[in-house]
Amino acid sequence: MKRHILVRVVVLSSVLLLAVTTAFAGGKREEPVAAEAASAGSRKVNVAALNGPSGIPMAYLFENKPVVEGAEFDFQTAVGADVLLPKLLKGEVDVGILPPNVAAKVFSKNNGALLVGAVVGEGMLNLITKDGQVNSLADLKGKTVNVAGQGATPEYLFRYLLQANGIAVAADGLEPDADSVALDFSIPAAEIAAALLSGRIQYAVVPEPFATVATTRDAAVRRAVNLQDAYRAVTGDASANYPMTVVVIRKEFAASSPDLVRSLLAAYRDAVEWTLAHPAEAGALVEKHTLGLQAPITTKVIPNGAYVFVPARQAQESLEGLFSIFLDFAPDAIGGQLPAQDFYFE
């Protein structure tokens, strides 16, 4: 176990997309509350959700835009982080959702252009399979595992957990021996569930919604290893989790309108709480606003989606725990160093 990976997950708080635990900053509310009345000539604030599971909590805000004095919110969707990031850097979007390592790299390489407002999605990776004999990482020795997310958190978190459990990873392109595991990235993430269902592959590390889709369509598919549990075992912290999704804010917007940012983050926190309490209604809103998932699947994904709201400063320790894994396996993926203190919006 590595000292720098020890993580303590905190109570949650911020704005845009994905997350899960049971404690929420500010207490439970049945309905998210809007702020004061908007006035004419309000500043337009462009907020972007990513299509897919990270956009689920934002569906409430698409339907019920926050009302904040001096601001008019426009909610839009982006098909992926690669589409959203240029819009953030050009100032076309003020607030969005990104993987933590992408946010850290942009901060380090682009003069602090993006800040983190909150962790809104925590770890929800699972090893899924039809093989009833696989119940631990050690049981994967000699097998090939397809991983959704090459060059991203799923790959490096899985590599870290294998290493921490004394399991070697076969060299690229080589078959695993009796003491190693081979990683396969040849199948696009969106196709992995179908490949498992058809028998084309046997083992896969996937995030949501892929695990839910696979287990829903075939009762023989199961979540054989919960990577969150494996992470807690390695860190020695029963409450530990690793961030997978963060709200990011343009530096200029955060500097010019910090109170407006805080109001938006508070509205998103409330939307997360509402979503967790009303999965069926949230599913209907996700489908209505074309956020990439149909209502029935969305409703099933929500309990497994690790939706949380942890304000940036409170989440710093867990973020740095994840970043330390990247520093070990792919330092350039976070800009080669831990982000400075001003990366964390307060």
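Only this structure's heavy atoms are used, side chains among them; waters, hydrogens and symmetry mates stay out.
The ring pair (Phe, Tyr, Trp, His ring centres under 6.0 Å) test applied to Phe62 returns Phe75, His289, not counting sequence neighbours. Taking Glu155 as the reference, Arg159 meet the salt bridge (charged side-chain N to carboxylate O under 4.0 Å, His left out) condition, with sequence neighbours excluded. With sequence neighbours left out, Glu281 forms a side chain to side chain contact (heavy atoms under 4.5 Å, CB included) with Trp274, His278. The side-chain hydrogen bond (donor to acceptor under 3.5 Å, both in side chains) search around Ser198 returns none, not counting sequence neighbours. Looking at residues two or more places apart in sequence or on another chain, you find a side-chain hydrogen bond (donor to acceptor under 3.5 Å, both in side chains) between Asp139 and Ser136. Every residue meeting the side chain to side chain contact (heavy atoms under 4.5 Å, CB included) condition with Asp131, not counting sequence neighbours, appears here in chain and number order: Thr129, Gln133, Val134, Lys143, Tyr203. Lys90 pairs by the side chain to side chain contact (heavy atoms under 4.5 Å, CB included) definition with Glu92, not counting sequence neighbours. Take Lys288 and apply the salt bridge (charged side-chain N to carboxylate O under 4.0 Å, His left out) test, not counting sequence neighbours, and it matches Glu63. Not a single ring pair (Phe, Tyr, Trp, His ring centres under 6.0 Å) links Phe158 to another residue, sequence neighbours left out. Not counting sequence neighbours, the partners of Glu252 by the salt bridge (charged side-chain N to carboxylate O under 4.0 Å, His left out) test are Arg250. Here Ala148 pairs with Ala189, Ile192, Val206, Pro207 under the side chain to side chain contact (heavy atoms under 4.5 Å, CB included) rule; sequence neighbours left out.
Using a 4.5 Å cut-off on side-chain heavy atoms (C-beta onward), Tyr160 and Val234 make contact. Counting heavy atoms from C-beta outward, Ser108 and Ile334 have side chains that stay 4.5 Å or more apart. In this structure, Thr299 and Pro279 have side chains that are in contact, with non-hydrogen atoms separated by less than 4.5 Å. Within the 4.5 Å cutoff, no side-chain heavy atoms of Phe73 are placed close to those of Val67. Annotation: side chain of Asp342 is not in contact with side chain of Leu115 (no heavy-atom distance under 4.5 Å). The side-chain heavy atoms of Pro209 and Leu293, taken from C-beta on, include a pair separated by under 4.5 Å. Contact annotation: the side chain of Asp218 never approaches that of Leu196 to less than 4.5 Å [non-hydrogen atoms, C-beta and beyond]. Annotation: side chain of Arg232 is in contact with side chain of Asn241 (closest heavy-atom distance under 4.5 Å).
The heavy-atom pair separating Ala254 from Val261 by the smallest distance is CA-CG2, 4.1 Å. Ala170 approaches Pro176 most closely through the heavy-atom pair CB-CA, 4.0 Å. Heavy atoms only, all atoms of each residue included: Val83 and Pro86 are closest at O-CD, 3.3 Å. Taking all atoms of both residues into account, the shortest heavy-atom contact from Pro339 to Phe107 is CB-CD2, 4.0 Å. The heavy-atom pair separating Val116 from Ala103 by the smallest distance is CG2-CB, 4.2 Å. The nearest pair of heavy atoms linking Ala182 to Leu174 is CB-O, 4.0 Å.
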Set out, in order, the CA-CA distance, both residues' side-chain angles and the distance that settles side chain to side chain contact (heavy atoms under 4.5 Å, CB included) for Val247 and Val95, then state yes or no. CA-CA 7 Å; Val247 173; Val95 178; 3.7 Å; yes
Does the side chain to side chain contact (heavy atoms under 4.5 Å, CB included) test come out yes or no for Val68 and Leu264, once each step is laid out? CA-CA 8 Å; Val68 177; Leu264 179 56; over 6 Å; no
Apply salt bridge (Lys or Arg N to Asp or Glu O under 4.0 Å) to Lys105 and Asp332, showing your working. CA-CA 8 Å; Lys105 183 172 184 177; Asp332 188 57; 3.3 Å; yes
Under the criterion side chain to side chain contact (heavy atoms under 4.5 Å, CB included), I'd like the reasoning laid out for Ile167 against Lys141: C-alpha separation, chi angles, the key distance, then a yes or no. CA-CA 7 Å; Ile167 302 168; Lys141 290 180 180 179; 3.9 Å; yes
After noting the C-alpha distance and the side-chain angles of Arg43 and Phe253, does the key distance pass the side chain to side chain contact (heavy atoms under 4.5 Å, CB included) rule? CA-CA 11 Å; Arg43 185 203 193 285; Phe253 177 49; 3.6 Å; yes
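Ile128 and Phe185 fall into different hydrophobic clusters, where Ile, Leu, Val, Met, Phe, Trp and Tyr residues are linked whenever their side-chain heavy atoms come under 4.5 Å apart, directly or through other members. Side-chain heavy atoms closer than 4.5 Å link hydrophobic residues (I, L, V, M, F, W, Y) into clusters, and following such links, possibly through other members, connects Phe343 to Val310. Under a hydrophobic-cluster definition in which Ile, Leu, Val, Met, Phe, Trp and Tyr are linked whenever side-chain heavy atoms come within less than 4.5 Å, directly or via other members, Phe210 and Leu183 are assigned to different clusters. Tracing side-chain contacts under 4.5 Å through hydrophobic residues (I, L, V, M, F, W, Y), one reaches Phe329 starting from Leu322; they form part of the same cluster. Hydrophobic clustering, with ILVMFWY side chains joined whenever heavy atoms are under 4.5 angstrom apart, groups Tyr60 together with Ile297.
The closest donor-acceptor contact from the side chain of Asn146 to the backbone of Ala204 lies at 3.5 Å or more, if one exists at all. Panel note: side chain Gln228, backbone Leu125; a donor-acceptor pair is recorded below 3.5 Å. Put simply, the side chain of Arg313 gets close to the backbone of Gln341: a donor and an acceptor are under 3.5 Å apart. The closest donor-acceptor contact from the side chain of Asp237 to the backbone of Ser239 lies under 3.5 Å. Judged purely by atom type and a 3.5 angstrom limit, Thr215 has no side-chain atom pairing as donor or acceptor with the backbone of Val221. At distances below 3.5 Å, not a single donor-acceptor pair connects side-chain atoms of Asp74 with backbone N or O atoms of Asn46.
Distance check, rounded to the nearest 0.5 Å: CD of Glu69 to CG of Leu260 gives 11.0 Å. The CG atom of Leu285 sits 8.0 Å away from atom OG1 of Thr275, with the distance rounded to the nearest 0.5 Å. For the atom pair CG of Leu157 and CG of Leu162, the computed distance is 10.0 Å after rounding to the nearest 0.5 Å. One distance of note links NZ of Lys251 with CZ of Phe345; it measures 14.5 Å at 0.5 Å rounding. Atoms CG and CG, on Leu89 and Leu114 in that order, are 5.5 Å from each other to the nearest 0.5 Å. Summarising the geometry, atom CG belonging to Leu84 is positioned 8.5 Å from atom CD1 belonging to Ile97; distances are rounded to the nearest 0.5 Å.
In the model, Arg223 has a side-chain atom that pairs as donor or acceptor with a side-chain atom of Thr212 under 3.5 Å. Counted by atom type alone, Asn126 and Arg222 present zero donor-acceptor pairs between their side chains at under 3.5 Å.
Applying the side-chain hydrogen bond (donor to acceptor under 3.5 Å, both in side chains) rule to pairs touching residues 165-179 yields Asp177-Ser180, sequence neighbours excluded.
The environment of Gln76 atom CD is dense: over 12 non-hydrogen atoms of other residues, nucleotides or ligands sit within 6.0 angstrom.
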